[in-house]
Number of protein chains: 2
Amino acid sequence: MSLEYAILVSLQERAGSGYELARRFDKSIGFFWSASHQQIYRSLKRMVELGWVAGDAVAQEKRPDKKVYRVSAEGAAELARWLGEPAAPATARNELSVKIRGASCGDVGQVLEEVRRHHRLHAERLAVYRAIEQRDFPEPERLSGRSRHQFLVLRGGIRTEQSMVDWCEEVISALEDEI
Amino acid sequence: MSLEYAILVSLQERAGSGYELARRFDKSIGFFWSASHQQIYRSLKRMVELGWVAGDAVAQEKRPDKKVYRVSAEGAAELARWLGEPAAPATARNELSVKIRGASCGDVGQVLEEVRRHHRLHAERLAVYRAIEQRDFPEPERLSGRSRHQFLVLRGGIRTEQSMVDWCEEVISALEDEI
DNA sequence: AGTCCCATGTAAGTGGTTACATGATTTG
DNA sequence: CAAATCATGTAACCACTTACATGGGACT
């Protein structure tokens, strides 16, 4: 059910169509809550039924019509209520760890290659986050409200990716010793 | 489908019943791949059908009978094959980040309380991991094979929890300024 | 002519959670 | 006497993924 709340947060920042939301979930909000366009359309439908959002049809020239969704008073109240609720800590699911733990059951060299690949992916994502940090938040002390919260979430992404990069390096050097 | 492989890894380390596996998924392997007993029994059934594991009925005195599962040659081959396959990087899903990003839509104080709660949970988990590290891996340089791989996975858990603790502290001090 | 972008969906399948169910034995 | 542990499952539901579907306009 959390996707609905992620959509509410995004629509509170700015109203938008299902398609536009899907684009946002490919970046920004999608960095910490991913969702496909199919999920988003389904959730929007549910949210209209619940009265959390309202969709206004917008005719466009030379482009398909679209429905622009905005958060209703009920939706805003529901979001505020949910924010006060305790969140369950995320269930641990790290496939790479399963492969490392099982490395002795197969070819350690192949697992090492896989860790190297993940190292690259995390380093790339870290670089993206750092670029966003420099571009959008050059003076973090001066931030307030919404933009400060956005910055804090980005900081979480940076810390997570940095720790994955560091860990991959530790694993790589240990597995290199082994082969 | 990854649960099946996590079970294969665990059964390669030591054969066991569904119940014993469920206990292991409450700790050790469960620290990086969580699963309920219902999932485990369902997966074992599938794996028997696929011929990846074999279950031997064991009669016990003063305790219910159990089925002890071990990995078959086919299961071992399948695990080795899977280890060489690329793993999709985990999809990002961090509910706490959604709450922080949406904090302005509700009571910032409540979100702060929630971040403090998560800080405690991650600090506790970090302490557990550090205790395991000290108890089971006092001389990490001397490790090899399976136990070295187990150590590396534990190191990942320690790094992840440490980075969550650090991040929570950064968020707490920023949100405290705000209220 | 082919591909990408805009825009919105349906349908089938997989994986995971929650609730229910049973029954003996051990521990406080 | 109650609660926890051992041991194994079924069933309903929910969330998410993957595949399929449509159609115009812009770009190369």
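Owing to the predicted nature of the structure, the values given are computational and were not obtained by experimental measurement. All values below were derived from every heavy atom in this structure, side-chain atoms included, with hydrogens, water molecules and symmetry-related copies excluded.
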Phe25(A): partners by ring pair (Phe, Tyr, Trp, His ring centres under 6.0 Å), with sequence neighbours left out |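 By the ring pair (Phe, Tyr, Trp, His ring centres under 6.0 Å) rule, Phe25(A) matches no residue at all.
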
Assess the pair Tyr5(A) and Trp52(A): is the distance between their ring centroids shorter than 6.0 Å?
-> yes

Which whole-number value in Å describes the distance from [X] [atom1] to [N] [atom2]?
X        : N       : atom1 : atom2 : result
Gln39(B) : dA15(D) : CD    : P     : 16 Å
Gln60(A) : dA26(D) : CD    : C1'   : 14 Å
Ile40(B) : dT17(C) : CD1   : P     : 11 Å
Arg46(B) : dG15(C) : CZ    : C1'   : 8 Å
Arg42(B) : dC13(D) : CZ    : P     : 15 Å
Leu3(B)  : dT17(C) : CG    : C1'   : 13 Å
Asp65(B) : dG23(C) : CG    : C1'   : 13 Å

In B/S/- notation, 5' to 3', how is nucleotides 9-14 of chain C contacted by protein heavy atoms closer than 4.0 Å?
-> BB----

Would you please name every residue forming a side-chain hydrogen bond (donor to acceptor under 3.5 Å, both in side chains) with Asp166(B), sequence neighbours left out?
-> Gln162(B)

Computed from five pairs at either end and rounded to 10 degrees, the angle between the axes of the helix from dA1(C)-dT28(D) to dG28(C)-dC1(D) is 40°

Identify, between Glu4(A) and Val68(B), the residue whose nearest nucleotide on DNA chain D lies closer to the 5' end.
->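 The residue closer to the strand's 5' end, by nearest nucleotide, is Val68(B).
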
Return the set of residues passing side-chain contact (heavy atoms from CB on, under 4.5 Å) with [X] (not counting sequence neighbours), or none when no residue passes.
X         : value
Gln39(A)  : Leu3(A), Ala35(A), Ser36(A), Arg42(A), Arg93(B)
Glu133(A) : Arg130(A), Phe151(A), Leu154(A), Arg155(A), Ile158(A)
Gln134(B) : none
Ser104(B) : Arg146(A), His149(A)

Only pairs at least two apart or in different chains count here, so list each salt bridge (Lys or Arg N to Asp or Glu O under 4.0 Å) that has a residue in residues 104-119 of chain A.
-> Glu113(A)-Arg116(A), Glu114(A)-Arg117(A), Arg116(A)-Glu176(A)

Inter- and intrachain pairs under salt bridge (Lys or Arg N to Asp or Glu O under 4.0 Å), touching residues 94-103 of chain A, at least two apart =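 As it turns out, the salt bridge (Lys or Arg N to Asp or Glu O under 4.0 Å) pairs with a partner in residues 94-103 of chain A, which skip direct neighbours, are Arg101(A)-Glu13(B).
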
Mind listing the residues from residues 7-35 of chain B sitting with a heavy atom below 4.0 Å of DNA chain C? Number order is fine.
->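 Going residue by residue through residues 7-35 of chain B, none turns out to have a heavy atom under 4.0 Å of DNA chain C.
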
For the pair Arg120(A) and Glu124(A), find out whether any cationic side-chain nitrogen is under 4.0 Å from an anionic carboxylate oxygen.
-> no

Summary of ring-ring contact (aromatic ring centres under 6.0 Å, His included) pairs that have at least one residue in residues 154-179 of chain A, sequence neighbours excluded |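 For residues 154-179 of chain A: none.
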
Check: dG23(D) base within 3.5 Å donor-acceptor of Arg63(A) side chain =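 Side chain to base: no pair below 3.5 Å.
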
Out of dA7(D), dC6(C), dT17(D), which has the shortest distance to the side chain of Ser36(A)?
->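 Comparing dA7(D), dC6(C), dT17(D) against the side chain of Ser36(A), the answer is dT17(D).
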
Side chain of Thr91(A) - closest among dT17(D), dA7(D), dT17(C) | dT17(C)

